[in-house]
Structure formats: C-alpha cells, structure tokens
2 protein chains.
Amino acid sequence: MQTMPSDLQETFRALADPSRREMLTRLRDSEMTIGEMAGHFPMTRAAVKKHLTILEQGNLISVHARGRERINRLEPLALKEVSGWLDYFSNFWDDKLTRLQTAVEAAEGNSK
Amino acid sequence: MQTMPSDLQETFRALADPSRREMLTRLRDSEMTIGEMAGHFPMTRAAVKKHLTILEQGNLISVHARGRERINRLEPLALKEVSGWLDYFSNFWDDKLTRLQTAVEAAEGNSK
DNA sequence: TTGACATAATACCAAAAGGTATCATATAAA
DNA sequence: TTTATATGATACCTTTTGGTATTATGTCAA
C-alpha cells in the first residue's frame, strides 16, 4: 500500500467540506479572528472553531495569538502540495485536451 | 471553453479518502474491472465497488460495461477542475516561495 | 440448460463528522 | 477589582461514512 505523507491526508480531509473551502477563500483576502469568521457563517463559533482546527491540522492555516484573540492566516503551501499531487495526472488531462483540440481542428478544416 | 465548476463538492468528497486516491493512481496506469481493483485492496469487492461509485459521482472515473464486467476508466477532467480551484491561491504560494528563495539566495551570497 | 462467475442491491454495524449547548479560562476595559 | 469579551474544552446528539455479510441478477461456457 502506498504511504502518502499523513499531513497530505489531513489536507485532503480538510478540503472535503464546503464551509472549510469557503473559509480558505475568505482567508485569501484577509486574515481574521474566529469571531470575525463566525460572522460569515450560519453556525456557532464553536463549530467555526472546529473547522478552523481541522484546517490547521491540514496545514492550510496557521493560528497566532493576539491578546485574547486568535488570528487565522492562510498557509498556501499545503495547497501547493495538493497541486503537486494533481500534477501526477496533468499530462493525462493534457493528452485528453490535445486529442479533443486536434479533433476540433480537423472538423474545422473539413468545414472550410 | 469554460465549463464552470459544476459539483466540485462531490469531487472533493471523493478525493478525501486515501483508498480512493490510490484507486485513481492505479487507474492512471490502466483501466480495470472492479474485481481487478479489489485484488489490490484489503477489503471486499462490495467495499471497492462503493468507493468506485463515489469516484464516479465525483466525475473522476467513468464506468463501461463489457459483458458481465464493468471497466473503470480515469476521467481526469474533474482533477483539472480541482486544479483550477487551487489556482485561485497559486499567486499566494508563488509569492511565498519567491520570498523564501530570495532569502535563501541572500544567505548563500553571504556565505560565499 | 446448467453451473460458474462478475457484479448489483440491500440490510446492517461501528466509527467519524458536523453540529449544538454549556461551562471554564484568559484578557481588555471600566 | 469587577465585568464584559474572545476563545478553549467538554459532553452530547444526529447523520454520514466505510466497512461487512447476504442475496439477487445477468452473462459466459460447457
């Protein structure tokens, strides 16, 4: 059985939830506290905090204390690792697109 | 051609399980039946079939009948859509890597 | 037709996921 | 110091998930 870095597993797991993905897109625009994040979601602060913890376990965010607040900051390197995993398939989809484009061009050539 | 992210949720959900990700890497090398796939995993055929169904729901594979067998084939376009979602963050990690590389080069320059 | 084989369908189970409510703790402010 | 605020930590509940076992269906081959 292939052994993948366990943190990549935690990253994929964290990305599986739509609320967490939306949290990442919000953190792309600006870091924010748990309370600020909770203001954007129809769930309790406790639930938002759980989601942020899972994002942190997936190395997708880092958390920094500022007084009694906790600043949540995007850490995009984990996303880059996911991108690297996807690259394992990229020539495959490129091939498929190439064949498709070739077929389209052939059809256009016939119609001219 | 812009096919907008239809149901990326099902794709992300399918990618969250390590067995399913390994199934995708196996299908990258060659399409195969349910029974063949089951030979590579320590679980029943029924469990493998469930995983393949979830991969199909995530548009990551297609299933084709061949007699009494079912051929499972990689459909990488859904992975390309995931890659597109990640691109929303790519300048972020590029920035971070650029800063890191700059710092490394500066350190090397100091040591020479 | 009969029997073996590959898969489909269903019921069931334990554990994980996603959520709430409640209480404790640490810090800011009056 | 007292009080309000921001978060942490549990306990608990319901639904989903990943797995099994069992039975049914369709197809190949003798």
Side-chain angles (χ1 to χ4, degrees), chain A residues 1-4 6-27 30-75 78, chain B residues 7-27 30-74 78:
Chain A
M1 175 168 56
Q2 297 278 30
T3 52
M4 177 177 299
S6 63
D7 55 338
L8 193 47
Q9 167 54 30
E10 291 302 294
T11 305
F12 272 111
R13 175 218 180 199
L15 289 175
D17 184 272
S19 297
R20 290 196 288 267
R21 290 198 304 278
E22 185 181 344
M23 288 178 189
L24 288 181
T25 62
R26 291 193 175 279
L27 290 178
S30 66
E31 60 187 26
M32 65 182 78
T33 67
I34 298 174
E36 286 170 330
M37 184 64 82
H40 295 103
F41 290 85
M43 63 181 78
T44 63
R45 284 169 189 233
V48 169
K49 198 268 185 183
K50 278 192 178 182
H51 282 305
L52 290 171
T53 297
I54 292 175
L55 287 171
E56 187 182 15
Q57 290 171 346
N59 302 311
L60 287 160
I61 67 170
S62 57
V63 184
H64 309 270
R66 186 179 66 189
R68 63 184 159 182
E69 296 176 325
R70 294 293 181 280
I71 308 298
N72 298 274
R73 180 182 305 154
L74 183 68
E75 289 293 337
Chain B
D7 49 350
L8 262 189
Q9 169 54 29
E10 289 304 296
T11 305
F12 273 110
R13 201 259 285 201
L15 290 175
D17 184 89
S19 297
R20 288 195 290 266
R21 290 198 302 279
E22 186 182 345
M23 288 177 188
L24 288 181
T25 63
R26 290 193 175 278
L27 290 179
S30 66
E31 60 188 26
M32 66 184 75
T33 66
I34 298 174
E36 286 171 330
M37 183 66 80
H40 294 104
F41 290 86
M43 63 181 79
T44 62
R45 286 170 188 230
V48 169
K49 198 267 186 182
K50 277 191 179 184
H51 281 306
L52 290 170
T53 298
I54 291 174
L55 287 171
E56 188 182 14
Q57 290 170 347
N59 303 311
L60 287 160
I61 67 170
S62 57
V63 184
H64 308 270
R66 186 180 66 190
R68 60 185 160 181
E69 297 176 325
R70 294 292 180 280
I71 309 297
N72 297 275
R73 181 180 306 154
L74 183 67

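Please read all numbers here as calculations on a predicted model, not as lab measurements. Here is the naming used below: chain letters follow the sequence lines, and residue numbers restart at 1 for every chain.
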Gap between atoms [atom1] and [atom2], on [X] and [N] respectively (whole Å):
X: B/Met43; N: D/dG19; atom1: CE; atom2: P; value: 4 Å
X: B/Arg45; N: D/dG18; atom1: CZ; atom2: C1'; value: 19 Å
X: A/Phe12; N: D/dG18; atom1: CZ; atom2: P; value: 15 Å
X: B/Met23; N: D/dG18; atom1: CE; atom2: P; value: 11 Å
X: A/Lys50; N: C/dA16; atom1: NZ; atom2: P; value: 14 Å
X: A/Ile71; N: D/dA6; atom1: CD1; atom2: P; value: 12 Å
X: A/Asp17; N: C/dG19; atom1: CG; atom2: C1'; value: 11 Å
X: A/His51; N: C/dA17; atom1: NE2; atom2: C1'; value: 9 Å

### Task
Using a heavy-atom cut-off of under 4.0 Å over every strand shown, decide if B/Thr33 touches base, sugar-phosphate, or nothing.
sugar-phosphate
- Task: Would you indicate what A/Lys49 reaches in the nucleic acid, counting non-hydrogen atoms under 4.0 angstrom: base, sugar-phosphate, or nothing?
- Result: sugar-phosphate
Contacts satisfying side-chain hydrogen bond (donor to acceptor under 3.5 Å, both in side chains) that involve residues 43-56 of chain B (not counting sequence neighbours) are B/Arg20-B/His51
Handout entry: D/dA6 OP1/OP2 closer than 4.0 Å to side-chain N/O of A/Arg70
Key = no
Check: For B/Asp7 and B/Asn59, what are the C-alpha separation, side-chain angles and deciding distance, and is it a side chain to side chain contact (heavy atoms under 4.5 Å, CB included)?
Finding: CA-CA 9 Å; B/Asp7 49 350; B/Asn59 303 311; 3.3 Å; yes
Among C/dA6, D/dG19, D/dG18, the one nearest any side-chain atom of B/Glu69 is C/dA6
Next item on the list: With the side chain counted from C-beta on, respond yes when B/Leu27 and B/Leu60 share a heavy-atom pair under 4.5 Å apart, and no when they do not.
Entry: no
Taking for B/Ile34 and for A/Arg13 the nucleotide of DNA chain C with the nearest heavy atom, the one nearer the 5' end belongs to B/Ile34
Sorted by chain and number, sequence neighbours left out, salt bridge (Lys or Arg N to Asp or Glu O under 4.0 Å) with A/Glu22 holds for A/Arg26
By salt bridge (Lys or Arg N to Asp or Glu O under 4.0 Å), B/Arg13 pairs with (sequence neighbours left out) B/Glu10
Scoring nucleotides 21-30 of chain C by protein non-hydrogen atoms under 4.0 Å (B base, S sugar-phosphate only, - none) yields B-----BS--
Contacts of A/Arg21 meeting side-chain hydrogen bond (donor to acceptor under 3.5 Å, both in side chains) (sequence neighbours excluded), chain-then-number -> B/Gln9
Residues passing the side-chain hydrogen bond (donor to acceptor under 3.5 Å, both in side chains) test with A/Arg73, sequence neighbours excluded, are A/Glu31, A/His64
